[in-house]
2 protein chains.
Amino acid sequence: MSEDRTGEVATVRSARRPTVKDVAAAADVSWKTVSNVVNGTAPVRASTRERVQRAIDQLGYRPNAAGRNLRRGRSRLLALAIPEIRLAYFADLAHAVILAAKARGYTVLIDETFADPAHERVVAQGFQVDLLDGLIFSPQALSDRDLVAAGGRLPMVMLGEATLPLDGGEAAADHVVIDNVASAREATEHLIEAGRSRIGFLGVRETETNGTGVLRHTGYAMALQEHGLPAVAFPAPTYSRPGGAAAIGAVIERFTGPDALDALVCANDLLAIGAMHILRGAGLRVPQDVAVIGWDGTEDGNYSNPTLTTVAPDLGALAELAVDLALGRVDGSTASPQVHLVGHRLIVRESTGGALGG
Amino acid sequence: MSEDRTGEVATVRSARRPTVKDVAAAADVSWKTVSNVVNGTAPVRASTRERVQRAIDQLGYRPNAAGRNLRRGRSRLLALAIPEIRLAYFADLAHAVILAAKARGYTVLIDETFADPAHERVVAQGFQVDLLDGLIFSPQALSDRDLVAAGGRLPMVMLGEATLPLDGGEAAADHVVIDNVASAREATEHLIEAGRSRIGFLGVRETETNGTGVLRHTGYAMALQEHGLPAVAFPAPTYSRPGGAAAIGAVIERFTGPDALDALVCANDLLAIGAMHILRGAGLRVPQDVAVIGWDGTEDGNYSNPTLTTVAPDLGALAELAVDLALGRVDGSTASPQVHLVGHRLIVRESTGGALGG
DNA sequence: CGTGCGACTTCTAACGTTGAATACAGTGAT
DNA sequence: ATCACTGTATTCAACGTTAGAAGTCGCACG
């Protein structure tokens, strides 16, 4: 009850940050008792606990993370490495990962790799300084073998399969992905059922041999082949709106004339939106002249004009699984690395003939 | 030259993480020399440095952040607290902050507050655990006086003026903002020059008395008053696409009939896109029937249909200034808190009669 | 030949925290 | 009164790093 005269629970600010010892002195107990109060490590008499708590509030004490981490050997920090946060899909992903991590008492640190191989290598090694408990990685430039080879002791979970071995070989690290081939088949079947027959694909990249784009293209090609329809693929420089615009701008003549394409499967929503932008500029109507479909289920597509049909991954499940796998390895699990599939669903909207939607 | 037999620069992985002492043993030098090599603290002979470096690479040694931070009293971590990363503006902002921080040797940790007052208070106190060197905060629920009062010893920089005192009083913390009143006047003038006379505003919020939305509304109202035109404001539940859609959906009759509004100033791009979505659903054409303008300069607006006129803040400058201010206070500057303005520009696109654009 | 310098080592201490082991009451049973 | 016991509270040591001081060694230079 030795409140100071200014009354209330006044926060006292001093130059130096208070340590557990300052609190101990203020509460007239040993610093270990303060630690026990903070961490619930050992039983503390109610009256003592209150006294300590009051001192903590008064001094504005908060445990120092460096000291704690050093002692505990854990930082409760997880990094999420993605190509670029401005891409809506990765923002959605980051959001889901942040939530999943927070639910488990972890904090997320975001690293943008810009698909730079050198940077990805540094990330795989754990950021030059040993700070993290785990890493969730959405690589773009390097394969998972490269990364695991470069990699350090850090528990690492991969997202997307820029890195997935096509040959069915064992994964070098845990992966969490949607079934890209299957979803691409569904998406393409959807267009065929809607009566389209000259269906293009946008989003292969020269530099990739087994990435997401390649797998989606594979599913697309399988569906077309089953129906005896012709396939045609267009490369995209980047998986972005400008990338989609540039790619389609370069081949716009394929959408006019007698053999004009009447549908376009795009490797993601951004490419689709960039493509639609150019199609519109060329006087083509979506979906009347060209049906368009994308991936990722970003909110954009629900408000675009026309609204965009898309394959939406179950990001919540993906993030939770990724975080659990990473933290599992933090706690010493040594289960052999696996590829884990999470769900997806096709959301039909205007761009393939669906309704406006909400 | 005591390479092991497997040759090359093989990465050796052991159970325990190597420490500076392990490296020292491997390189046959004192641990102090290793430290000197890592930090460049003292001159080391080139040959020795190489030997140490080889040991570092071989063992995969990376300095332990906890130990280092504890000793140095710095973590080189900065937090960016924003309402939600999925909102494109905040993703753009995060990107800019991450870049600016990285250029200064800092890493960014992102916290989503969801505009929750309790959470914002915890953030202002520095996250329960003393981990950060500084905080860049885009508050939504609380005023800056609340936050500074709740706040701890952490250098804090505010973005946006959910918190800016209207009375011209001294700021309680550093702020970095664009001139919202002026930019709103420009935006509104732009519509007036384009011949619009019944101009609505979307994006006031009941709970705010001096936030961004309020300031933009102020500039809007000033411009209309100067031209003797009537003003009408619509509240928005959230600054999001669904928020904009819901808000305009509720007042859609104001856009039809004899007194129909012919322009809409929206407090941000997301509201504008949500609004355009509903207008389209109601059979109204943008810009022919209603001109629409937003804020933030997000990429969406450059690919929407129609493309969206917007006020784009200079995010690069904003982020750099914010980071510099935060780090300045880390290094002990005690300049009195100020409001710093950064530039903005009006980008005219289709939604107010401009061209399609790139 | 000593002096001075560069390169390195050794030693000490400290950052703030917490697990383990230990001390100390007070209580109740014997 | 003695002993064991339980509930509290304390002391000790260690996590990995780096700053500083002081000392060692060899070599070049005056």
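None of the values given here were measured: they were computed from a predicted structure.
- In this structure, B:R74 atom CZ and D:dG16 atom C1' are separated by 20 Å, rounded to whole Å.
- Among D:dT10, D:dA14, D:dA9, the nucleotide with an atom closest to any side-chain atom of A:V44 is D:dA9.
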Next on the checklist: Checking B:H175 against B:Q338 for the side-chain hydrogen bond (donor to acceptor under 3.5 Å, both in side chains) test, could you report, in this order, the C-alpha distance in whole Å, the side-chain angles of both residues, the deciding distance, and whether it holds?
Outcome noted: CA-CA 6 Å; B:H175 281 261; B:Q338 252 186 296; over 6 Å; no
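- Between D:dT10, D:dC15, C:dT17, one nucleotide has an atom nearer to the side chain of A:L70 than all others, and that is D:dC15.
- Between B:S35 and D:dT18 there is a side-chain N or O to OP1 or OP2 distance below 4.0 Å.
- For the residue pair B:S75 / B:D133, a side-chain donor-acceptor distance below 3.5 Å is found, with atom types taken as modelled.
- To the nearest angstrom, P of C:dG16 lies 10 Å from CZ of A:R17.
- With DNA chain C read from its 5' end, the first of the two nearest nucleotides for A:P63 and B:N36 is the one closest to B:N36.
- For the pair A:S30 and D:dA9, the criterion of a side-chain N or O lying under 4.0 Å from OP1 or OP2 is not met.
- Salt bridge status for B:R17 with B:D22: absent, with no side-chain N to carboxylate O gap under 4.0 Å.
- Distances shorter than 4.0 Å separate none of the side-chain N or O atoms of B:T41 from OP1 or OP2 on D:dT18.
- Between the side chain of B:K32 and the base of C:dA7, no donor-acceptor pair under 3.5 Å is found.
- Checking C:dT18, C:dC8, C:dT17 against the side-chain heavy atoms of A:K21 singles out C:dT17 as nearest.
- Listed nucleotides: D:dA9, C:dT17, D:dT18. Nearest to the side chain of A:R45: D:dA9.
- Between the base of D:dT17 and the side chain of B:R71 there is no donor-acceptor pair shorter than 3.5 Å.
- Taking only side-chain nitrogens and oxygens, A:T48 comes nearer than 4.0 Å to OP1 or OP2 of D:dA9.
- Between A:F114 and B:H95, the ring center distance clears the sub-6.0 Å criterion.
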